[in-house]
> 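I have a structure here, written as structure tokens, and I will follow up with some questions on it.
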Amino acid sequence: MHKRTKIKIAIFVLLVGMACMFTAVVTDHWAVLSPQVDKANTTCEAAHFGLWRLCKKHIYISEENFLQGRGCGPISLPGEENCTYFRHFTPGLDTEIFEYKTQKEYNISAAAISIFSLAFMILGSLCVVGSCTGKGKGRDYLLKPAGMFFAFAGLCAFISLEVMRQSIKRMIESEDTIWIEYYYAWSFACACTGFVLLFLTGIALLLLSMPQMPRNPWETCMDAEPDQVE
């Protein structure tokens, strides 16, 4: 396969990764939390949240959906929903939201790191655009920082995922919590997909932009003919 074709495929995969990561950052279905339900034909409150806000949903549990010892839900059942933004950057405010204490430090870290991930994606995109519109050696050179920026974006996505996972784990293990069940939802899956695609494809783009390896043992990388991307 020609090098130009490989780079085009890598850029397309990066676009998919950026779309997944952006979707994860702006949506609030990273995790779903459920309290215990003791009887049927009652209303319970489940919650789902992301980096920026938490949504509380009142769900009616009928006899058909009731299972002894299980939590409220599933979250897809109809019910009234109310969402509140986390007060990330406002000091001195109460962190009590919907009857449990939010792990504010974790959420601030995850949100801030996700912003760094978006910033690296923007920088990488600018380098790719410059490479597509440029000419000569500058066109090849811009692919190197682009690959590095996308790899850094993927790394930041991974750190944000781990911080959020630790936040949920600490929240569930708290003695004061009302939640007995949790699971990661589709926004979390989008972030995982974005991390894999951005990190691996960023490294691949960086390797593709490297100078051509010498064809003979006595050549050095400087002696080998440059492999221009057309």
Side-chain angles (χ1 to χ4, degrees), residues 17 20-38 43-59 61 67-77 79-121 152-199:
C20 291
M21 191 60 201
F22 181 79
T23 301
V25 170
V26 300
T27 54
D28 44 44
H29 285 78
W30 283 61
V32 177
L33 306 173
S34 300
Q36 185 173 354
V37 179
D38 298 323
T43 301
C44 60
E45 296 175 350
H48 63 86
F49 68 95
L51 297 173
W52 312 105
R53 67 176 186 171
L54 182 145
C55 296
K56 177 183 177 182
K57 191 172 186 180
H58 298 267
I59 301 175
I61 303 298
L67 292 174
Q68 188 66 36
R70 297 294 299 274
C72 180
I75 197 71
S76 57
L77 291 175
E80 182 181 355
E81 190 172 60
N82 185 20
C83 297
T84 300
Y85 282 92
F86 291 118
R87 300 162 182 175
H88 283 304
F89 305 105
T90 307
L93 294 178
D94 188 10
T95 58
E96 186 82 14
I97 299 179
F98 299 137
E99 301 178 358
Y100 77 97
K101 289 184 178 180
T102 305
Q103 302 301 330
K104 191 172 183 179
E105 294 81 6
Y106 283 92
N107 288 331
I108 290 175
S109 300
I113 295 170
S114 68
I115 292 176
F116 279 110
S117 180
L118 294 179
F120 281 127
M121 287 192 298
F152 290 152
L155 186 61
C156 289
F158 171 76
I159 297 174
S160 182
L161 283 165
E162 182 59 23
V163 170
M164 180 62 73
R165 192 182 70 85
Q166 292 297 328
S167 173
I168 297 170
K169 182 179 178 181
R170 182 176 175 182
M171 191 184 303
I172 293 297
E173 293 178 351
S174 173
E175 296 180 356
D176 300 328
T177 186
I178 63 172
W179 314 112
I180 65 168
E181 289 183 358
Y182 76 96
Y183 62 88
Y184 300 107
W186 57 267
S187 295
F188 191 88
C190 285
C192 291
T193 304
F195 151 64
V196 173
L197 295 181
L198 290 171
F199 184 74

> Can you list everything that forms a side chain to side chain donor-acceptor pair (under 3.5 Å) with Thr27? Sequence neighbours excluded, please.
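Here the qualifying residues are Ser187.
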
> Taking the side chain as every heavy atom from C-beta outward, state whether Tyr182 and Ser34 have any pair of such atoms under 4.5 Å apart.
no

> If only atom types and distance count, is the side chain of Ser167 paired as donor or acceptor with the main-chain N or O of Val163 below 3.5 Å?
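Answer holds: no.
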
> Would you say Phe116 has more than 12 foreign heavy atoms packed within less than 6.0 Å of its CZ?
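Count not over threshold, so no.
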
> Filter on salt bridge (Lys or Arg N to Asp or Glu O under 4.0 Å), then keep only pairs touching residues 152-165, sequence neighbours left out; what's left?
Glu162-Arg165

> I would like to know whether Leu198 and Met121 meet side-chain contact (heavy atoms from CB on, under 4.5 Å); could you show each step before the answer?
CA-CA 9 Å; Leu198 290 171; Met121 287 192 298; 3.7 Å; yes

> Mark yes when over 12 heavy atoms from residues, nucleotides or ligands other than Phe188 sit less than 6.0 Å from its CZ; otherwise mark no.
yes

> Can you name the closest pair of heavy atoms from Gly154 and Phe195 and give their distance?
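Looking at all heavy atoms of both residues, the shortest contact is O-CD1, 3.0 Å.
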
> Quick check: does any side chain N or O of Ser114 sit under 3.5 Å from a backbone N or O of Ala111, one acting as donor and the other as acceptor?
yes

> Test of understanding: with disulfide bond (SG atoms under 2.5 Å apart), list the residues that count as partners of Cys20, not counting sequence neighbours.
none

> A side-chain contact here means heavy atoms from C-beta on lying under 4.5 Å apart; do Thr23 and Trp186 qualify?
yes

> Could you tell me whether the side chain of Leu118 reaches within less than 4.5 Å of the side chain of Val25, counting heavy atoms only?
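Side chain of Val25 against side chain of Leu118, heavy atoms only: contact under 4.5 Å found.
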
> Check whether any side-chain heavy atom of Trp30 sits under 4.5 Å from a side-chain heavy atom of Ile168, and report yes or no.
no

> Where do Glu181 and Val32 land on the side-chain contact (heavy atoms from CB on, under 4.5 Å) test, with the steps shown first?
CA-CA 8 Å; Glu181 289 183 358; Val32 177; over 6 Å; no

> Let me see the working for Phe49 and Leu33 under side-chain contact (heavy atoms from CB on, under 4.5 Å), right down to the final yes or no.
CA-CA 9 Å; Phe49 68 95; Leu33 306 173; 3.7 Å; yes

> Could you go step by step and tell me if Met21 and Cys190 meet the side-chain contact (heavy atoms from CB on, under 4.5 Å) rule?
CA-CA 6 Å; Met21 191 60 201; Cys190 285; over 6 Å; no

> Just how far is it from atom CD1 of Ile59 to atom CD of Glu80, taken to the nearest 0.5 Å?
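Interatomic distance, Ile59 CD1 to Glu80 CD, rounded to 0.5 Å: 12.0 Å.
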
> Crowded around Tyr183 OH? As in, over 12 foreign heavy atoms under 6.0 Å?
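Enclosed: over 12 neighbouring heavy atoms sit under 6.0 Å from OH of Tyr183.
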
> Rounded to the nearest 0.5 Å, what separation is found between the OG1 atom of Thr43 and the NE2 atom of His58?
8.5 Å

> Can you confirm whether Phe158 is buried at CZ, in the sense that more than 12 heavy atoms of other residues, nucleotides or ligands lie under 6.0 Å from that atom?
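No, CZ of Phe158 has 12 or fewer neighbouring heavy atoms, counting only those of other groups under 6.0 Å.
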
> Which pair of non-hydrogen atoms, one from Ile113 and one from Ser160, has the smallest distance, and what is that distance?
CG2-N, 4.0 Å

> Out of curiosity, Ser109 OG to Met164 CE, how far, rounded to the nearest 0.5 Å?
10.0 Å

> Give a yes or no on whether a salt bridge exists between Lys57 and Glu81, defined as a side-chain N under 4.0 angstrom from a carboxylate O.
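Glu81 and Lys57: not salt-bridged.
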
